[in-house]
Structure formats: structure tokens, C-alpha cells
Novice: 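Below you will find the structure I want to go over with you.
In what follows, chains carry the letters A, B, and so on, assigned in the order in which the sequence lines appear, proteins first and then strands, with residues in each chain numbered from 1. Note that this is a predicted model, so its numbers are computed, not measured.
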Amino acid sequence: MIKLYNTMTRRKEIFEPIEGNRVKLFVCGPTVYDYSHIGHARTYISFDVIVRYMKYSGYSVFYVQNITDLDDKILKRADELETSPLELARRYEEKYLHDMDLLGVEHVNLYARATEHIPEIIRQIGVLVDKGYAYETDKGVYFDESKFEDFGKLSNRNIEDLNVHRIGPDSSKRNPGDFALWKKRERISEEQEMIWDSPWGTGRPGWHIEDTAITETYFGPQYDIHGGGLDLIFPHHEAEIAQMEASSGKKPMVRYWMHTGFLNVKGEKMSKSLGNFITIYELLEEYSPEVFRFFVLSTHYRSPIDFSSEILHQSSQGLNRIYNLIEKINCELDSDTSISLDNDSDYIQKLAAVREEFFEAMDNDFNTPAAISTIFDLIRDVNRDIHESNISKNSLTKLKAIIMEFGYVLGLDFSMEHGNEENLEIELLDLLKYVREKLRQNKNWELSDQIRDKLNDLNISLEDKKV
RNA sequence: GCCAAGGUAGCUUAGCGGCGAAGCGGUGGACUGCAGAUCCAUUACACGGGAGUUCAAAUCUCUCCCUUGGCUCCA
């Protein structure tokens with residue numbers, strides 16, 4: 001039974017899909033005008049694990065993400081780079097998907113591009129106009145905030161507050177907070193991209209409407225979960241609620257709202273002006289995807305998380321502790337000394353208990369830090385038992401399987417089977433190991449240590465075992 | 001100003017009414033030719049301050065202090 005925190009109610013609730021075990025999940029995707037950054041990575045890794053766990057728990061998840069490929073920022077950037085907006089959008093979309101692959105984020109079931117849903121968008125705007133929720137000016141079509149009394153229910157604001165601190169509102173709008181559904185733009189040339197015909201003249205959609213047009217197309221007017229970064233609560237998600245609930249007349253648009261916390265860099269918000277903007281590409285030049293994922297999952301998805309090299313190093317060390325155990329298990333399983341103990345049944349019980357604890361943590365609003373903590377508890381016990389030769393191969397095999405299972409849910413590969421080295425490399429390495437072993441037998445410590453140090457410089461770590 | 005999220009050992013985080021926990025780290029020891037890994041022990045002033053509710057508060061309520069974010073570009 002999964003419990004999840006619903007931003008709408010500000011409480012943890014028992015998760016129940018509208019229809020059986022089928023989950024309709026929408027997460028706001030990126031605006032593809034630049035490289036994705038580590039904040040995106042945090043959000044999408046979080047939802048990756050959430051979805052993995054839901055599937056693992058028996059739900060059939062239909063996971064949709066939009067790709068915002070018609071935004072003003074894209075036009076501006078394309079102008080700067082003297083390229084076509086669509087080409088730019090496709091290029092960065094490709095980079096986004098590639099980054100997700102590198103991070104081990106599974107593809108969602110459907111990536112929906114805004115530009116490929118223009119008819120749906122126009123249709124939805126039309127409904128809003130017909131029902132009197134939207135009005136046309138000479139600049140565009142706007143949603144009339146005052147007609148939708150629930151406006152602000154997600155972010156806990158009221159319309160008066162929103163109107164007070166607005167500077168220089170557009171006087172052509174009825175209310176200062178009314179947002180654009182359709183932006184009128186003149187068609188300059190025939191080959192111009194990102195401009196479409198509509199009943200309100202040529203132009204392009206506003207920012208919020210693509211998501212509701214897309215979700216209505218694939219999910220209908222009501223679905224299970226809508227997710228995204230914390231920063232999208234206002235105004236984006238408020239606008240979505242207004243659009244969808246006003247046009248369909250059905251409430252609520254979505255049952256559960258899930259928002260991921262921010263990733264800061266050394267205590268500061270990531271921004272281009274501060275110069276602390278880190279792209280996923282840059283991240284992966286320095287850290288492995290596993291370390292970053294482990295770092296992300298070491299904090300609960302709703303909590304703020306602080307990125308720094310010191311903390312990444314801590315994560316790396318923690319992850320190594322898990323890897324070391326796997327290696328040790330593999331070693332024990334390969335060795336000839338067979339320990340046969342009759343405490344297997346104890347182990348089966350213990351592992352079942354740990355498994356239950358792990359899944360309890362995950363059930364509790366996807367509490368990955370608590371789940372990881374159960375892995376460490378297990379590791380401590382197992383290390384002790386291995387150290388005391390108090391565990392059978394049979395138990396070790398089961399133990400390994402369970403850690404792999406945890407790894408699968410968290411999207412971390414604990415298999416330690418990377419075996420993609422060239423054969424020649426392996427053979428040369430074996431030769432080197434053989435020579436060094438001979439040196440050690442002759443107690444030529446100086447030279448054997450040198451070999452080990454040099455290998456270490458090449459990122460190959462050699463660790464001697466007791467003979 | 002309004003809204004929101006936080007303040008738990010040196011660091012990073014769980015816990016959110018009933019023995020304060022995990023990882024990273026520090027120190028000493030065992031094992032090892034040394035190192036690494038691991039084990040044992042140990043170190044930790046750890047629940048921002050104050051008041052209240054309760055048999056019982058890190059946990060609930062109020063209040064104050066501090067940090068961060070949002071307030072129509074944002075994952």
C-alpha cells in the first residue's frame with residue numbers, strides 16, 4: 001500500500017488509482033532550448049524511481065511527459081544562434097533524452113511535443129472561450145481568472161494577493177493575473193516556423209495550455225498523478241487546473257500532485273548569472289551516473305538538496321561500501337572453501353525482514369533515504385558474518401539477489417559485472433598481477449608496491465587478500 | 001508584504017507522540033610485509049530558542065530567532 005504526499009492537501013494520502021491498478025502519470029518535461037542541468041536530473045531521477053517502484057508494486061503505469069518545443073526562449077535562442085527554432089528544439093530534445101539515458105532514467109511511455117498537439121490546444125481554447133472562461137483581445141486569448149473561483153487552491157493563494165504586487169499589468173486584460181492561452185503573432189513569411197492559424201488569427205499557444213491539451217488527449221479530463229518541480233506549483237500548475245477543470249467542468253483534474261524539491265549548489269540557487277549552473281553533461285565529466293543517482297536518492301525527493309563536491313564525495317564513499325560488499329560476496333561465492341552452516345533459515349528470516357523494511361520505506365512516500373538505510377543495516381550484519389565465517393554460500397546467494405532487487409528498484413546497478421574491457425587488456429593485467437605476485441613471494445615489497453601505486457594512478461585498484 | 005520549505009552529532013540525511021537512527025568522517029585496536037577492504041571498540045553538547053498540550057514531545061499547538069525558495073522565465 002503506497003502512501004504519497006499530495007501537495008494539494010499537504011498531507012500523505014493512501015494512493016488509489018482511479019481505475020484498478022492503472023496509473024496515469026504526467027510529469028512536466030523540459031523546455032528544449034538549452035542543455036539540461038542537474039536540477040532537471042534530480043527531478044527526473046526522482047520520478048524514475050517513483051515509477052520503477054510503482055511498477056514493481058504491481059501498477060501498470062502510463063507515464064507521459066511533454067516536450068515544450070515552441071516557447072519564446074526557443075525562438076530567442078534560435079535567433080541568437082541563427083538557426084531554425086524547430087531544429088534547435090529537436091537538437092536539445094535529443095540531448096535531453098541522451099542525458100536521461102546516461103543517468104539511467106528509463107524512457108517514459110510517451111514524450112508529447114507541444115508542436116504536435118496544436119489542434120488539441122486550439123480545441124481546448126475554443127471550449128474555454130465558448131464557456132466564457134476566456135476572452136479575446138487584440139493581443140491574444142486570455143483565461144479570465146475571476147471566472148474560476150478555485151484559482152490559487154494548489155499554491156494556497158488568493159486572487160487579491162496576486163493582484164496587489166503586480167507591477168504594470170497589461171491594461172488590455174480584464175484581471176492582472178489573466179494568463180495567455182493564445183498569443184497573437186503576425187505571420188511574417190510563408191516558411192516561418194512556430195506560427196499557426198487559429199480561429200483567433202495566427203499566433204502560438206501560451207505556456208500552460210499544452211499540458212492540459214496533452215493530458216486530455218491521452219488521459220481524459222481526469223487522471224491520477226501530476227508531477228513536476230516545486231517551482232511549477234505557481235503559476236503553471238494553478239493555470240493547468242483552471243484550464244482543465246473549467247473546460248471539462250469536472251473536478252479534480254488530478255488526484256495527486258507530487259512536487260520535487262529544489263537542487264541548490266553550495267546553498268545557492270542554480271542560475272546562469274551566479275555562474276553555478278551545472279549541466280548534466282558537465283556533471284558526468286566528473287562523477288559517475290551511479291554516484292549522482294545515489295546522492296539524489298540519499299535525500300527524500302521533496303526535500304531540498306545541496307550539491308557540492310564534498311557531499312558527492314560522501315555519496316561516492318557510501319556507494320563504495322555497497323560495492324565492496326558485492327565484490328566480497330562474489331569472492332566468497334567463487335572460493336572453494338565451502339562453509340556449510342545450518343543457519344540458513346535464520347538468514348531467510350532476516351532477509352525477509354529487511355525486504356519488508358525496505359518496501360515499507362518505499363511505500364511511505366518513496367522514502368529512499370530510509371530504504372537505503374536498511375541496506376546499510378544489512379551490510380553491517382553481513383560483513384560481520386562474513387568476517388566470522390558465519391554465513392553459507394546459499395545465504396550469500398540469496399543475499400546477493402536481494403541487494404540486486406533493491407538496486408533494480410533504485411535504478412542502481414549493483415551487479416559489478418562491467419566486463420567490457422578488451423581481452424588483451426585483461427590478459428596484460430593478469431600478466432602484471434602474476435609478476436607482482438611473484439615479486440611479493442620474494443618479498444620484493446618495494447617494486448610490488450610501485451606496481452600497485454602506478455595501477456592506482458590509472459584508476460585500477462588492486463587489493464591483496466589474505467592467502 | 002504574502003505563500004512555501006527547512007533548522008537533528010564535525011558533514012549529509014531518516015525519524016514526525018513512547019529506548020534518538022543510517023552513511024560519510026575522527027580516534028584507538030585487530031587482520032595485513034605495507035596499503036585497501038572488513039571487524040571490534042570509541043568519539044561524539046545532535047533534535048534553533050522559549051512557552052504550552054500530554055503520563056510521555058525531535059515529533060502536536062503557540063511564539064520568537066535564523067536559512068532558503070516562490071510571488072507570472074523556471075525541474
Novice: Which part of the nucleic acid does A:K73 contact within heavy-atom distance under 4.0 Å: base, sugar-phosphate only, or nothing?
Specialist: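 Sugar-phosphate only.
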Novice: Under 4.0 Å, heavy atoms only, any strand: does A:S303 hit a base, just the sugar-phosphate, or nothing?
Specialist: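 Result for A:S303 = sugar-phosphate.
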Novice: Looking for any heavy atom pair under 4.0 Å, which part of the strands does A:I233 touch: base, sugar-phosphate only, or nothing?
Specialist: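 Answer is nothing: A:I233 stays at 4.0 Å or more from every strand.
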Novice: Got a second to check how far A:T83's OG1 is from A:I74's CD1, nearest 0.5 Å?
Specialist: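 Result: 12.0 Å between the selected atoms.
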Novice: Give one of base, sugar-phosphate or nothing for A:H300, where a contact means two heavy atoms less than 4.0 Å apart.
Specialist: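 Sugar-phosphate, no base atom in range.
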Novice: In whole angstrom, give me the gap between the C1' atoms of B:G26 and B:U43.
Specialist: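 About 7 Å, rounded to a whole number of Å.
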Novice: Of A:K12 and A:I372, whose closest RNA chain B nucleotide lies nearer the 5' terminus?
Specialist: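 Its nearest nucleotide being more 5', the pick is A:K12.
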Novice: Say you pick atom C1' in B:C55 and the same atom in B:A37; how far apart are they, in whole Å?
Specialist: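 It works out to 49 Å between them.
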Novice: Of all the choices, B:C71, B:A75, B:G33, which nucleotide is nearest to the side chain of A:F234 once you look at every atom?
Specialist: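 Nearest listed nucleotide: B:C71.
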Novice: Base of B:G33, side chain of A:D449 - is there a donor-acceptor contact under 3.5 Å?
Specialist: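 Check passes, donor-acceptor contact within cut-off.
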Novice: Distance between the C1' atoms of B:A57 and B:G17, in whole angstroms?
Specialist: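 Per the computed distance, 6 Å lies between those C1' atoms.
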Novice: Measure from the side-chain heavy atoms of A:C28 and tell me the nearest of B:G69, B:A75, B:A35.
Specialist: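 The listed nucleotide nearest to A:C28's side chain is B:A75.
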Novice: Ignoring hydrogens and geometry, is there a side-chain-to-backbone donor-acceptor pair from A:R42 to A:V296 under 3.5 Å?
Specialist: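 Not a single qualifying donor-acceptor pair exists.
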Novice: Could you check whether A:D377 gets within reach of a base, just the sugar-phosphate, or nothing at all, counting any heavy atom under 4.0 Å?
Specialist: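 If one applies the 4.0 Å heavy-atom cut-off, A:D377 turns out to touch the sugar-phosphate alone, with no base involved.
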Novice: Counting side-chain heavy atoms from C-beta on, which of B:G33, B:A5, B:U12 comes nearest to A:D464?
Specialist: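 Selected nucleotide: B:G33.
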Novice: Ignoring hydrogens and angles, tell me if any N or O in the side chain of A:E357 forms a donor-acceptor pair with the backbone of A:T374 under 3.5 Å.
Specialist: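 No, because the side chain of A:E357 does not come within donor-acceptor range (under 3.5 Å) of the backbone of A:T374.
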Novice: Base, sugar-phosphate, or nothing: which does A:N367 touch, judged by heavy atoms less than 4.0 Å apart?
Specialist: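 Since only primed, P, OP1 and OP2 atoms lie under 4.0 Å of A:N367, the category is sugar-phosphate.
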Novice: Under the 3.5 Å rule, do the base of B:A75 and the side chain of A:R42 count as making a donor-acceptor pair?
Specialist: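 Looking at the base of B:A75, it does not pair with any donor or acceptor on the side chain of A:R42 (distance under 3.5 Å).
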Novice: Tell me which nucleotide among B:A14, B:C73, B:U38 gets nearest to the side chain of A:H387.
Specialist: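 So the nucleotide nearest the side chain must be B:U38.
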Novice: Are OP1 or OP2 of B:G25 and a side-chain N or O of A:Q317 less than 4.0 angstrom apart?
Specialist: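 True: A:Q317 side-chain N/O within range (under 4.0 Å) of B:G25 OP1/OP2.
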Novice: Ignoring backbone atoms, establish whether A:R321 has a side-chain N or O less than 4.0 Å from OP1 or OP2 of B:U38.
Specialist: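 Looking at the OP1 and OP2 atoms of B:U38, one of them is under 4.0 Å from a side-chain N or O of A:R321.
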Novice: Counting the atoms with a prime plus P, OP1 and OP2 as sugar-phosphate, which does A:R380 contact under 4.0 Å by heavy atoms, base, sugar-phosphate, or nothing?
Specialist: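 Sugar-phosphate only.
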Novice: Between B:C3 atom P and A:D231 atom CG, what is the distance in whole Å?
Specialist: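 Nearest whole value for this atom pair: 20 Å.
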Novice: Classify the nucleic acid contact of A:G318 as base, sugar-phosphate or nothing, counting any heavy atom under 4.0 Å across all strands shown.
Specialist: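 Sugar-phosphate: the residue A:G318, judged by heavy atoms under 4.0 Å, touches backbone atoms but no base.
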Novice: Indicate, yes or no, whether a donor-acceptor pair under 3.5 Å links the base of B:G36 to the side chain of A:R452.
Specialist: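 Between B:G36 and A:R452, which were checked side chain against base, a qualifying N/O pair under 3.5 Å is absent.
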Novice: If I take atom CD in residue A:E238 and atom P in nucleotide B:A4, what distance separates them, rounded to the nearest angstrom?
Specialist: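 Nearest whole value for this atom pair: 12 Å.
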Novice: Round to the nearest Å and state the distance from A:N264 atom CG to B:G70 atom C1'.
Specialist: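 It works out to 12 Å between those atoms.
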Novice: Does any nucleotide pair with B:A44 by Watson-Crick or G-U wobble geometry, both distances under 3.5 Å, and what is it?
Specialist: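 Partner of B:A44: none.
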Novice: To the nearest Å, give me how far apart CD (A:E437) and C1' (B:G33) are.
Specialist: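 A:E437 atom CD is separated from B:G33 atom C1' by 12 Å.
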Novice: Which nucleotide in the list B:G33, B:A75, B:C24 gets nearest to the side chain of A:Q314?
Specialist: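 Minimum distance to the A:Q314 side chain belongs to B:C24.
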Novice: Of the listed nucleotides (B:U68, B:A35, B:A5), which one gets closest to any side-chain atom of A:E463?
Specialist: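 Closest of the options to the side chain of A:E463: B:A35.
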Novice: Should A:W445 be counted as stacked on B:G33, where stacking needs a ring-centre gap under 5.5 Å and an angle between planes under 30 degrees?
Specialist: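 Yes, A:W445 stacks on the base of B:G33.
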Novice: What does B:C39 pair with, Watson-Crick or G-U, if both distances are under 3.5 Å?
Specialist: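 B:C39 is paired, partner B:G29.
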Novice: On the nucleotide B:C40, are OP1 or OP2 found under 4.0 Å from the side-chain N or O atoms that A:R384 carries?
Specialist: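 Yes, such a contact exists.
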Novice: When rounded to the nearest Å, what value does the distance between C1' atoms of B:A14 and B:G7 take?
Specialist: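 15 Å, rounded to whole Å.
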Novice: Nearest-Å distance, OH (A:Y33) to P (B:C74)?
Specialist: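 Atom OH in A:Y33 sits about 9 Å away from atom P in B:C74.
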Novice: Between B:C74 and A:K269, is there an OP1 or OP2 to side-chain N/O distance shorter than 4.0 Å?
Specialist: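 No, outside the criterion.
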Novice: Ignoring hydrogens and geometry, is there a side-chain-to-backbone donor-acceptor pair from A:Y135 to A:R174 under 3.5 Å?
Specialist: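 It does hold such a pair.
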Novice: What distance do A:Y347 atom OH and A:N390 atom CG have between them, rounded to the nearest 0.5 Å?
Specialist: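 These two atoms lie 7.5 Å from each other.
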Novice: Can you tell me, in whole Å, how much space there is between the C1' of B:G15 and that of B:U59?
Specialist: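 Looking at atom C1' only, B:G15 and B:U59 are 9 Å apart.
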Novice: Taking the side chain of A:H40 as heavy atoms from C-beta outward, which of B:A75, B:A22, B:G33 is closest to it?
Specialist: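 My answer, after comparing the listed nucleotides, is B:A75.
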Novice: Check the orientation of A:F292 and A:F307. Use parallel for under 30°, tilted for 30 to 60°, and perpendicular for over 60°.
Specialist: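 Answer is tilted, since the angle falls between 30° and 60°.
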Novice: Is A:F262 touching bases, backbone alone, or none of the nucleic acid, heavy atoms closer than 4.0 Å?
Specialist: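 Answer is base: heavy atoms of A:F262 come under 4.0 Å of a base.
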Novice: Please tell me which of the listed nucleotides, B:C39, B:A14, B:C34, lies nearest to the side chain of A:T299?
Specialist: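 Of the options given, the side chain of A:T299 lies nearest B:A14.
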Novice: Can you tell me the base-pairing partner of B:A4? Count Watson-Crick or G-U wobble geometry only, both distances below 3.5 Å, and say none if there is no partner.
Specialist: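 Result: B:U68.
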Novice: Provide, to the nearest angstrom, the distance between the CG atom belonging to A:D306 and the P atom belonging to B:U13.
Specialist: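 Nearest whole value for this atom pair: 7 Å.
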Novice: Counting only N and O atoms by type, is there a donor-acceptor contact under 3.5 Å from the side chain of A:D224 to the main-chain atoms of A:K24?
Specialist: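 Flag set: sc A:D224 to bb A:K24 pair under 3.5 Å.
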Novice: Is A:T43 touching bases, backbone alone, or none of the nucleic acid, heavy atoms closer than 4.0 Å?
Specialist: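 Counting heavy atoms under 4.0 Å across all strands, the contact made by A:T43 includes a base.
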Novice: Apply the syn/anti split at 90° from 0 to B:C34 and say which one it is.
Specialist: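 Base orientation relative to the sugar is anti.
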Novice: Measuring only the P atom in each nucleotide, how far is B:G48 from B:G6? A whole number of Å is fine.
Specialist: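 Straight-line distance between the two P atoms is 13 Å.
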Novice: Is A:K12 close to A:N364 at the side-chain level, that is, under 4.5 Å between some pair of heavy atoms?
Specialist: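 Yes, at least one pair of side-chain atoms sits under 4.5 Å.
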Novice: Using purine N1 to pyrimidine N3 plus N6-O4 or O6-N4 for Watson-Crick, or N1-O2 and O6-N3 for G-U wobble, each under 3.5 Å, what pairs with B:A21?
Specialist: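 When the pairing criteria are applied, B:U13 turns out to be the nucleotide that pairs with B:A21.
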Novice: Heavy atoms only, 4.0 Å cut-off, all strands: where does A:N383 land among base, sugar-phosphate and nothing?
Specialist: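 A:N383: backbone/sugar contact only, no base atoms under 4.0 Å.
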Novice: Between B:C39 atom P and A:I391 atom CD1, what is the distance in whole Å?
Specialist: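 One finds 13 Å between P of B:C39 and CD1 of A:I391, rounded.
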Novice: Nearest to the side chain of A:T260, which nucleotide is it out of B:A75, B:G23, B:A5?
Specialist: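 Nearest to the side chain of A:T260 among the choices is B:A75.
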Novice: Would you mind telling me which residue lines up with the more 5' stretch of RNA chain B, A:Y5 or A:F295, judged by nearest nucleotide?
Specialist: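 The residue closer to the strand's 5' end, by nearest nucleotide, is A:Y5.
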Novice: Take atom CD of A:Q450 and atom P of B:C34, then tell me their distance rounded to the nearest Å.
Specialist: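 About 19 Å, once rounded to whole Å.
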Novice: Please check this pair: side chain of A:N276 against backbone of A:K269, looking for a donor-acceptor N/O pair closer than 3.5 Å.
Specialist: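 Checked: pair present.
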Novice: Could you check which nucleotide pairs with B:C60 in any of the strands shown, counting Watson-Crick or G-U wobble with both distances under 3.5 Å?
Specialist: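 Matched B:C60 with B:G52 under the 3.5 Å cut-off.
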Novice: If you check the A:A370 side chain, which of B:A35, B:A22, B:A14 turns out closest?
Specialist: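 Out of B:A35, B:A22, B:A14, the nucleotide with an atom closest to A:A370's side chain is B:A14.
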Novice: Please check this pair: side chain of A:N264 against backbone of A:D306, looking for a donor-acceptor N/O pair closer than 3.5 Å.
Specialist: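 A pair under 3.5 Å: no.
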Novice: Could you work out the separation of B:G25 and B:C39 based on their P atoms and round it to a whole Å?
Specialist: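 These two P atoms come out 13 Å apart once rounded.
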